[in-house]
Structure formats: structure tokens, C-alpha cells
Amino acid sequence: MRTPEIVLVARRECHLCEAAREVVARVAADAGLEWTERLTDDDADLAARFAEEVPVVLVDGVQRDFWRIDEARLRRTVAAAARG
């Protein structure tokens, strides 16, 4: 099994981002994985790339979901990425 990289792209003071943090944290914890968060507030390139799509979840650098993060879909995606 491999360790997928999970990244949440978010911004400060964003209600959808708060909900996404909870989902990503829960899914990652259940899978025994770490995750990171990158803020568009701090990164002009991310802000330009994702504009109004935040929050965005990337798994191994590939955008997998945005706005309202689907927990079941993220669980399937992480499990598949871990299998390789």
C-alpha cells in the first residue's frame, strides 16, 4: 500500500471550507493518514488557479472535489489511491 497525499485548498473565513476541513480530517484520520491545508489567501498562484472553486480537495495532486466535499467519494478516492 502507498500513502496518498491529501491537500485541502481553502481560504480563511469560508463556511464551506470549515465543513471541508471536518470532512477531510475525518476521512484522513479514519485512513490513518496525514493531510495538509494550503490557503489561497497566502498563495497568489493557488488563488488564480482555483478562484471561486474553493474549497478544493487534491489527492496526489489531482483535483477530486470542490465546494461541498462528498465524504463517501473522498473515502473511495483515498482508498483507491492507497491501493495504487
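- Not counting sequence neighbours, the partners of A72 by the side-chain contact (heavy atoms from CB on, under 4.5 Å) test are D70, R76.
- Considering every non-hydrogen atom in both R2 and G84, the closest pair reads CD-CA, 3.6 Å.
- The line from OG1 of T77 to CZ of R64 is 5.5 Å long, rounded to the nearest 0.5 Å.
- Taking A80 as the reference, R83 meet the side-chain contact (heavy atoms from CB on, under 4.5 Å) condition, with sequence neighbours excluded.
- By the criterion of side-chain heavy atoms lying less than 4.5 angstrom apart, applied directly or through intervening Ile, Leu, Val, Met, Phe, Trp or Tyr residues, F66 is grouped together with F50 in one hydrophobic cluster.
- Taking both residues in full, the closest heavy atoms of W35 and A28 are given as CD1-CB, 3.6 Å, listed atom of the first, atom of the second, then distance.
- Nearest heavy-atom pair across V57 and V24 is CG2-CG2, 3.8 Å.
- Residues L46 and W67 share a hydrophobic cluster, clusters being chains of Ile/Leu/Val/Met/Phe/Trp/Tyr side chains in contact below 4.5 Å.
- For A31, the side-chain contact (heavy atoms from CB on, under 4.5 Å) test picks out L33, V78, with sequence neighbours left out.
- The environment of CZ in R26 is crowded: more than 12 heavy-atom neighbours from other residues, nucleotides or ligands sit within 6.0 Å.
- When side chains are defined from C-beta on, L16 does not count as touching V54, because their heavy atoms never get closer than 4.5 Å.
- With values rounded to the nearest 0.5 angstrom, E18 atom CD is found 10.0 Å from E13 atom CD.
- Remark: D30 engages R75 in a salt bridge (charged side-chain N to carboxylate O under 4.0 Å, His left out) (not counting sequence neighbours).
- When all heavy atoms of A51 and R11 are compared, the closest pair comes out as O-NH1, 3.6 Å.
- Under the rule for a side-chain contact (heavy atoms from CB on, under 4.5 Å), the partners of A20 that lie at least two apart in sequence or sit in another chain are L8, P55, I69.
- When all heavy atoms of A10 and R21 are compared, the closest pair comes out as CB-NH2, 3.9 Å.
- Between D41 and R12, the closest heavy-atom pair is OD2-N, 2.6 Å.
- Using a 4.5 Å heavy-atom cutoff, the side chains of L74 and D65 are not in contact.
- Among pairs with a residue in residues 44-55, those fulfilling side-chain hydrogen bond (donor to acceptor under 3.5 Å, both in side chains) read E53-Q63, at least two apart in sequence or across chains.
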